[in-house]
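Okay, so here's the structure we're looking at.
Below, all heavy atoms of this structure are taken into account, side chains as well, without hydrogens, waters or symmetry copies. Each chain gets a letter, A, B and so on, in the order the sequences are listed, and its residues count up from 1.
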Number of protein chains: 2
Amino acid sequence: MTEPAPEIGHAATLRVRDSCLCLHAQRAARALARHFDDILRPVGLTNGQFSLMMALNRPEPPVMGQVADLLAMDRTTLTACLKPLVGRGLVTASVDDRDHRRRRIALTRSGRQLLAAAYPVWQAAHDALEGRLRAHDPERLRDGLLALGRL
Amino acid sequence: MTEPAPEIGHAATLRVRDSCLCLHAQRAARALARHFDDILRPVGLTNGQFSLMMALNRPEPPVMGQVADLLAMDRTTLTACLKPLVGRGLVTASVDDRDHRRRRIALTRSGRQLLAAAYPVWQAAHDALEGRLRAHDPERLRDGLLALGRL
DNA sequence: GTGAGATAAGTTGATATCAACCTATATCTC
DNA sequence: GAGATATAGGTTGATATCAACTTATCTCAC
């Protein structure tokens, strides 16, 4: 009756490194974030700020919960991410008329203008990215990422 | 000669929301991080700490640059991530004998033991995850994520 | 062996991320 | 309508993330 070895071998390391979907997703997310941050830096937005502001660009300004769901982001993270955008006058958060618990998040005029400037920059970079990924079937990849985001 | 409209329509929003690989990758990364953080919480590690410590579990302790590359993580992020692990006595960082610019990052005995406890937990969760993703071809998904991480 | 350039890592400051806890408002039940 | 419950958000504290800048060390050319 020997106790199980209290340590694990290098083989386990290789298994995690090669197969862990979480690790691979974090890697991909970091690399893509850096890439789009670089692309969008001249415009003055990060990749996350761009996605967030895009989520706000709709006829009826969404409430926080909707946006957090759309971005698969914690509610409280959204609160924090809004702070710099509100500070720069790109976004406003105002209490909903019908339900005073809700906050309607809306782009300001200058937010919409900045987003309009960022959009073609994103478009060009994204087209280039898809081109480089042709061998990996971007459509399928998107589906897979979507499935992961639904967990 | 009209100026281009300074704002963009809702259609652009939908295009970004549906197609942006960066957004989809961030969504997936956040969801998976939360999931594995939950799974590993009883053990006392986050998903990132688990991956990081796994990367250290090898015959010759790696130097920081190697680990940062493996995780597709900024060098300075790695410095920050090591801090709590060193503080808990799970990891040590020591100057390399041959090249004094380098830091060898190694697991301590208790780090190896904690990792050994975390491994079967990860394994079970990862098997379950792959099962849920059968329809999305996890192998292919991993390849795609790997390609994204190489940008 | 000295100085120039390259390489490895740390520091600072800003933003992002989440859990745990808290407050305000709405809804439901009686 | 009063109290219980549910829902929407905010706050705090810890960790993660990176850019810009700095320090220490090494290597190479001479």
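A salt bridge does not link A:R140 to A:D143: none of the charged side-chain nitrogens sits closer than 4.0 Å to a carboxylate oxygen. A salt bridge links B:D99 with B:R102: the distance from a Lys NZ or Arg NE/NH1/NH2 to an Asp or Glu carboxylate oxygen falls below 4.0 Å.
Contact annotation: B:Q49 reaches the phosphate of D:dA16 (side-chain N/O to OP1 or OP2, under 4.0 Å). Phosphate contact (OP1/OP2 of C:dA26, side-chain N/O of A:R101, threshold under 4.0 Å): absent. Side-chain nitrogen and oxygen atoms of B:R30 include at least one within less than 4.0 Å of the OP1 or OP2 phosphate oxygen of C:dT17. Phosphate proximity of D:dG10 to A:T79: present, with a side-chain N or O under 4.0 Å from OP1 or OP2. Under 4.0 angstrom from either OP1 or OP2 of C:dA16 there lies no side-chain N or O belonging to A:T77.
If A:R75 and B:C81 are placed on DNA chain D by their nearest nucleotide, the residue sitting closer to the 5' end is A:R75. Comparing B:K83 and B:R41 by the nucleotide of DNA chain C whose heavy atom lies nearest to each, the residue mapping closer to the 5' end is B:K83. Mapped onto DNA chain C by nearest heavy atom, A:G48 and A:H100 fall at different nucleotides, with A:G48 at the one closer to the 5' end. Nearest-nucleotide mapping onto DNA chain D: of A:D38 and B:T46, the residue sitting toward the 5' end is B:T46.
A:L129 and A:V43 fall within the same hydrophobic cluster, where Ile, Leu, Val, Met, Phe, Trp and Tyr residues are linked whenever their side-chain heavy atoms come under 4.5 Å apart, directly or through other members.
The shortest side-chain heavy-atom distance between A:L71 and B:L23 falls under the 4.5 Å cut-off.
A:R102 contributes no side-chain N or O that forms a donor-acceptor pair with the base of D:dG9 under 3.5 Å. No donor-acceptor contact under 3.5 Å links the side chain of A:R103 to the base of D:dG9.
At the heavy-atom level, B:R98 lies under 4.0 Å from the strands shown only through sugar-phosphate atoms.
The nucleotide whose nearest atom lies closest to any side-chain atom of B:T76 is, among C:dT11, D:dT17, D:dG9, C:dT11. The A:R34 side chain lies nearest to D:dC18 when the options are C:dA19, D:dC18, D:dA19. With D:dG10, C:dA9, C:dT15 as the candidates, the nucleotide lying closest to the side chain of A:P84 is C:dT15.
The backbone N or O of A:A29 lies less than 3.5 Å from a partner atom in the side chain of B:Q26, making a donor-acceptor pair.
Rounded to a whole Å, the CD atom of A:Q26 is 11 Å from the P atom of D:dC18. Between the CG atom of B:N47 and the P atom of D:dA14 there is a distance of 20 Å, rounded to whole Å.
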